[in-house]
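Step one of this worksheet: look at the structure below.
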There are 2 protein chains.
Amino acid sequence: MSDPSPPRKRRTAGRITLNDVARQVGVSALTVSRFFNHPERVSEELRQRIGEAVSALGYVPNLVAGSLASARSRIVGMVIPNISGPIFASTIQGFSDTLARHGYQLLLASSYFSPEQEESAVRAFLGWSPAALVVTSHFHSEGTEKLLAETDIPVVEIWDYQPERAPIQVGFLHYDAGVMAARHLLERGYRRIAFVQNSAAGDFSALDRRDGCAATLRDAGLELWSFAPSAGSAPFEAGREAMERLMQETHRPDAILFANDNLAAGGLLAAQHMGLRIPGDCAVMGFGDYAFAEMLLPSLSTIRPPSLGIGETAALRVLESLGVIATEVPVQRLNRLECQLVEREST
Amino acid sequence: MSDPSPPRKRRTAGRITLNDVARQVGVSALTVSRFFNHPERVSEELRQRIGEAVSALGYVPNLVAGSLASARSRIVGMVIPNISGPIFASTIQGFSDTLARHGYQLLLASSYFSPEQEESAVRAFLGWSPAALVVTSHFHSEGTEKLLAETDIPVVEIWDYQPERAPIQVGFLHYDAGVMAARHLLERGYRRIAFVQNSAAGDFSALDRRDGCAATLRDAGLELWSFAPSAGSAPFEAGREAMERLMQETHRPDAILFANDNLAAGGLLAAQHMGLRIPGDCAVMGFGDYAFAEMLLPSLSTIRPPSLGIGETAALRVLESLGVIATEVPVQRLNRLECQLVEREST
DNA sequence: ACCTCTTATGTCAGCGCTAACATCACCAGT
DNA sequence: ACTGGTGATGTTAGCGCTGACATAAGAGGT
């Protein structure tokens with residue numbers, strides 16, 4: 001024992017550490033740590049000298065070590081059904097940018113609507129002890145629910161607005177979007193209004209929109225004409241088929257509300273082929289305000305969901321929960337955003 | 001000193017740790033650690049019992065601690081100009097999904113083409129000692145170059161293919177896209193071909209496409225007619241203007257290659273207003289294969305850049321560099337992907 | 001001069017995990 | 001029995017940083 005075995009091999013990869021900077025300046029490591037995390041607690045003079053040493057040495061703080069020591073990190077995890085696609089991209093963008101502005105990083109994963117993939121992403125994210133977690137409101141697996149319930153970091157659910165659920169909610173009501181569309185069509189004088197949705201796979205949110213639309217018409221003493229084109233054809237084809245079929249009816253509609261812009265685009269094309277004037281012979285409206293909506297001929301009236309706003313609002317609520325930005329306490333738990341009516345030529 | 005000061009307050013937040021699991025099973029912490037990282041080195045029986053204890057206790061490994069100890073992490077950072085938008089979204093998607101399949105997480109930031117924002121993102125990412133870093137090929141700040149040069153983790157540059165640059169490259173040549181478009185138009189018999197680009201801000205890659213197109217025409221004894229609509233109007237408007245102006249010329253072109261699909265869409269609409277038949281009176285071609293390209297009337301022939309492929313390939317090269325997946329050594333440094341010709345009605 | 005209060009900086013111990021090394025049990029070969 | 005090899009498991013010492021606490025140095029009041 002008086003013979004100390006040869007010192008273990010250092011594993012460090014020669015990386016520059018806080019201590020290197022501290023030694024260079026002639027202060028303790030903690031002072032340098034404070035330079036980064038609480039600069040106001042370091043005297044002006046030291047701040048100056050430390051700043052110089054940091055850039056001279058090219059020191060990059062090891063956030064992993066910092067997070068371990070402080071049990072906090074500046075990472076926020078987000079699980080979203082998919083990254084590309086017209087729907088969620090700008091939510092991610094808004095979220096990421098708002099976070100970045102406050103020095104937080106985004107850890108991102110896509111679930112493709114699979115509860116299992118979502119759970120594994122949530123589990124992995126939790127391992128990073130993130131500052132907060134954002135999931136897309138949707139059916140969660142039991143495991144996910146449990147993980148989210150047990151953690152004590154802020155959890156935000158986005159996109160669907162479900163006031164009965166526990167965590168912070170940021171979303172909108174598809175029902176409202178239906179109401180908004182119906183009001184617009186009524187205002188323009190249309191009376192025989194049809195709703196077209198793809199009969200294929202369960203787009204439940206489309207049903208909410210239809211209900212909102214139907215209720216509004218009912219209040220005006222009208223009935224919504226609901227139509228679902230035959231098979232699981234692509235949305236574009238389905239829209240075309242719907243337009244053709246509806247226009248052959250004896251009492252054909254004077255306006256069609258499509259469940260989304262893809263369907264509406266198909267409808268528009270079919271109308272062109274048939275030589276119909278839009279909106280003269282029949283008005284057309286969509287939902288989503290996809291990028292192409294304004295490029296169609298005629299340009300498509302539609303409802304724009306608050307995609308970007310959801311991302312930004314979610315980020316704000318997260319930052320407020322963390323105390324990074326001020327808020328009139330407490331953090332607003334329910335955040336119901338509004339869709340936006342985009343009036344173009346097709347109505 | 002015989003009087004040990006009262007033990008410091010534990011900071012631990014009652015979270016379940018490796019040790020808790022180990023104690024429960026009656027083994028050492030290291031064995032549990034191996035259970036997660038090298039399961040093959042743990043006996044069948046212990047594996048069983050540890051697995052049970054883990055799920056009974058609801059243990060979630062602390063990846064932060066693991067990363068600090070091993071100086072490795074399963075995070076990969078990606079900095080990209082923007083997240084939404086038609087261009088990069090599917091690159092991110094392909095990258096993220098491929099990584100996720102191997103247990104790696106994506107840390108994402110957008111730079112909006114700003115070298116400063118890029119540098120700050122790279123710096124922050126490096127603090128997480130990520131397994132690898134992906135940046136979008138573009139002008140980097142000096143600081144970024146330095147950071148990337150000094151790190152010893154794999155660095156991948158995507159989108160532009162620049163063989164002269166140091167790190168792993170995954171991208172395509174815009175010049176090739178121009179060649180591809182020109183060949184297609186020649187094949188279809190068009191001879192008076194114009195190239196339309198937005199005179200506004202420097203889209204340098206469009207110039208490369210134009211050059212590729214021009215060179216191909218020259219080889220066929222033809223000259224490319226280059227046209228830039230007046231002012232910094234929106235791409236859509238610019239396309240419209242270009243179409244109107246070009247069609248008033250005496251020897252008007254029989255085909256127009258637009259610098260991107262947005263311009264082309266504007267051109268298509270203008271043609272409709274003018275009562276021109278596309279492609280009969282004039283063929284139209286774009287670049288990008290944005291989502292709306294197939295919804296236009298006529299549907300738009302265009303060139304599809306390998307967005308998804310870039311993301312996936314980048315992820316594969318990263319995983320190979322890390323030794324996660326096998327490769328015929330060494331990792332392929334230059335990866336030149338191909339664009340795809342999408343022939344539709346407009347040509 | 002003395003005490004208190006505030007501000008700037010330092011000491012020490014650990015955050016939860018894993019690399020390196022050590023140990024132990026067991027088997028085969030001589 | 002003795003040696004050496006193999007595979008499973010344990011011991012130790014950090015990884016680089018920050019929290020709690022301690023201390024020093026000055027400011028201000030009496």
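Quantities reported herein were computed from a predicted structural model and do not represent experimental measurements. A, B, ... follow the sequence lines: proteins, then strands. Residue 1 opens every chain.
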Taking 4.0 Å as the cut-off, does a side-chain nitrogen or oxygen of [X] come that near to OP1 or OP2 on [N]?
X: B:Ser43; N: D:dT9; answer: yes
X: A:Arg72; N: D:dG19; answer: yes
X: A:Asn37; N: D:dT18; answer: yes

Holding to side chain to side chain donor-acceptor pair (under 3.5 Å), I want the full list of residues that pass it with [X], two or more places apart in sequence or in another chain.
X: B:Thr91; answer: B:Trp159
X: A:Ser307; answer: none
X: B:Arg101; answer: none
X: A:Arg41; answer: none

Could you check how far [atom1] of [X] sits from [atom2] of [N], rounded to whole Å?
X: A:Ile16; N: D:dG16; atom1: CD1; atom2: C1'; value: 14 Å
X: B:Asn62; N: D:dG16; atom1: CG; atom2: C1'; value: 15 Å
X: B:Arg41; N: C:dA25; atom1: CZ; atom2: P; value: 21 Å
X: B:Leu68; N: C:dT18; atom1: CG; atom2: C1'; value: 10 Å
X: A:His38; N: D:dC17; atom1: NE2; atom2: C1'; value: 12 Å
X: A:Ile50; N: C:dA8; atom1: CD1; atom2: C1'; value: 11 Å
X: B:Leu126; N: D:dG16; atom1: CG; atom2: P; value: 15 Å
X: B:Asn19; N: D:dT11; atom1: CG; atom2: C1'; value: 13 Å

Please pick, from [options], the nucleotide with the shortest atom-to-atom distance to any side-chain atom of [X].
X: B:Ser70; options: D:dT18, C:dA19, C:dC17; answer: C:dA19
X: B:Ala69; options: C:dC15, C:dT9, C:dG16; answer: C:dG16
X: B:Val42; options: D:dC17, C:dG16, D:dT9; answer: D:dT9
X: B:Tyr59; options: C:dC17, C:dT9, D:dC17; answer: C:dC17

Looking for any heavy atom pair under 4.0 Å, which part of the strands does A:Leu63 touch: base, sugar-phosphate only, or nothing?
nothing
Check every strand shown and say whether B:Val64 touches a base, only sugar-phosphate, or nothing at a heavy-atom separation below 4.0 Å.
nothing
Charged N to carboxylate O below 4.0 Å: is that the case for B:Arg317 and B:Glu320?
yes
Between A:Glu142 and A:Lys146, does any NZ, NE, NH1 or NH2 come within less than 4.0 Å of an OD or OE carboxylate oxygen?
no
Would the distance check show the side chain of B:Arg72 and the main-chain N or O of B:Ser67 forming a donor-acceptor pair, the cut-off being under 3.5 Å?
no
Using a cut-off of strictly less than 4.0 Å between a heavy atom of the residue and any atom of DNA chain D, enumerate the qualifying residues of residues 28-36 of chain B by number.
B:Ser28, B:Leu30, B:Thr31, B:Arg34
Pairs touching residues 122-137 of chain A that satisfy side-chain hydrogen bond (donor to acceptor under 3.5 Å, both in side chains), sequence neighbours left out
A:Glu119-A:Arg123, A:Ser137-A:Glu157, A:Ser137-A:Gln162
Residues in side chain to side chain contact (heavy atoms under 4.5 Å, CB included) contact with B:Phe113, at least two apart in sequence or another chain
B:Pro81, B:Phe88, B:His138
Please report the end-to-end axis angle for the helix from C:dA1-D:dT30 to C:dT30-D:dA1, five pairs per end, rounded to 10 degrees.
40°
I'd like to check the salt bridge (Lys or Arg N to Asp or Glu O under 4.0 Å) partners of B:Arg47; sequence neighbours left out, ordered by chain and number.
B:Glu44
Could you pick out which residue, B:Ser67 or A:Glu45, lies toward the 5' side of DNA chain C when each is mapped onto its nearest nucleotide?
A:Glu45
